[in-house]
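This report concerns only the one structure given below.
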Amino acid sequence: MAGYLQEDGSLTPVDPDTWYPTADLGSVDADGIVRVVGRNQAVHRLGFTLYPESLERRAEACGRPVKVLAVADQRRGSALHFVVADPEGEAPLTWRRRLAEHLAEYEQPNAVHVVGHFPLTANGKPDTRALRAQLGLELGVGPEPVPRQGAAARTPGAVGVVQVCGGLLLRDRDRLCGGFT
């Protein structure tokens, strides 16, 4: 990645040795080859695998933007917190009822929060980290990022799950991905 594109068309350069968390999951084989296998946002609940982005799209049929945050929960493994952006500030119970019409029983929220608007990143996307901080929610269940220097201990032939980082993939994509672009 060369940098971030700004509104005026200029490019803000980035350090090529910096890692960029992508929330992708991958495996690393004994030769150090990284293979992307999916996203780490999946939540397992009552025997179902749920994806927050899919739940968000369906929940938005209630008439407002919705973000779904998976939060670590000792009893359940993870809890689903639905956050509705509602400038009028209707009560969470009202939104819970509206959301229930669009979701299966096993997809229902454990909690509903209402905010006036979502905090945004510099590129205008909802900032889920800032939203979690605003609501006092801990990060959801997922793998720890792999340290930049050195790899986790592994035996020859073993496959370890890692969080894939964009900087690594862009810099070494020909070697790691067999030239696939």
Side-chain angles (χ1 to χ4, degrees), residues 1-26 28 34-43 50-73 78-90 92 95 99 102 109-151 161-177 180-181:
M1 181 165 110
Y4 290 101
L5 185 62
Q6 301 302 313
E7 286 184 16
D8 66 1
S10 66
L11 193 65
T12 301
V14 296
D15 181 351
D17 292 324
T18 300
W19 287 58
Y20 301 94
T22 63
D24 292 325
L25 293 179
V28 178
V34 175
R35 288 185 176 56
V36 177
V37 296
R39 304 288 282 175
N40 76 351
Q41 282 107 358
V43 175
L50 306 176
Y51 295 90
E53 287 180 359
S54 175
L55 294 173
E56 290 167 4
R57 284 192 299 273
R58 294 210 337 276
E60 287 177 347
C62 73
R64 295 281 186 217
V66 177
K67 294 301 295 175
V68 177
L69 306 174
V71 178
D73 182 286
S78 65
L80 295 176
H81 288 247
F82 284 53
V83 186
V84 180
D86 177 15
E88 284 87 43
E90 288 195 58
W95 285 111
L99 292 165
H102 306 285
N110 296 99
V112 175
H113 306 271
V114 179
V115 296
H117 65 278
F118 296 137
L120 302 176
T121 62
N123 62 1
K125 294 182 180 181
D127 187 339
T128 55
R129 285 191 175 148
L131 188 57
R132 283 179 185 280
Q134 178 181 335
L135 298 171
L137 301 175
E138 293 183 25
L139 200 56
V141 178
E144 291 298 316
V146 174
R148 176 71 173 109
Q149 297 296 325
V161 175
V162 298
Q163 188 164 8
V164 178
C165 295
L168 170 70
L169 290 180
L170 289 173
R171 191 177 60 243
D172 296 332
R173 77 172 161 228
D174 289 338
R175 182 179 72 80
L176 297 173
C177 302
F180 178 79
T181 55

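Position 1 is the first residue of the sequence, and the numbers go up from there. Nothing here was measured: the structure is a model prediction, and the numbers come from that model.
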Open item on the list: Please give me the minimum heavy-atom distance between Leu131 and Pro119, naming the atom from each residue.
Closed with: N-CG, 3.7 Å
- [ ] Pick out which of Thr128, Val114, Leu69 makes a side-chain contact (heavy atoms from CB on, under 4.5 Å) with Val83.
- [x] Leu69
Open item on the list: Donor-acceptor pair, distance only, cut-off 3.5 Å: does the side chain of Glu56 make one with the backbone of Lys67?
Closed with: no
Open item on the list: If I compare all heavy atoms of Trp95 with all of Asp86, which pair ends up nearest, and what's the gap?
Closed with: NE1-OD2, 3.0 Å
Open item on the list: Check this for me: Glu88, atom CD, are more than 12 non-hydrogen atoms of other residues, nucleotides or ligands nearer than 6.0 Å?
Closed with: yes
Open item on the list: For Pro92 versus Val112, what's the shortest heavy-atom pair and its separation?
Closed with: CB-O, 3.4 Å
Open item on the list: For the NE2 atom of His113 and the CG atom of Leu137, what is their distance to the nearest 0.5 Å?
Closed with: 5.0 Å
Open item on the list: So does His81 get a backbone contact from the side chain of Asn110, meaning a donor-acceptor N/O pair under 3.5 Å?
Closed with: no
Task: Chi angles and distances behind the side chain to side chain contact (heavy atoms under 4.5 Å, CB included) call for Gln134, Val115 - done: CA-CA 10 Å; Gln134 178 181 335; Val115 296; 3.4 Å; yes
- [ ] Just do the side chain to side chain contact (heavy atoms under 4.5 Å, CB included) check on Arg132 and Val71 with the steps written out, would you?
- [x] CA-CA 9 Å; Arg132 283 179 185 280; Val71 178; 3.8 Å; yes
- [ ] Measure across Val66 and Glu60 and return the closest heavy-atom pair with its distance rounded to 0.1 Å.
- [x] N-OE2, 3.2 Å
Task: Derivation and outcome, side chain to side chain contact (heavy atoms under 4.5 Å, CB included), residues Leu99 and Val84 - done: CA-CA 10 Å; Leu99 292 165; Val84 180; 4.3 Å; yes
TODO: Please round to the nearest 0.5 Å and tell me the distance separating atom CG of Leu5 and atom CG of Asn123.
DONE: 10.0 Å
Task: Nearest atoms (heavy-atom pairs only) where Leu120 meets Asp127 - done: C-CB, 3.9 Å
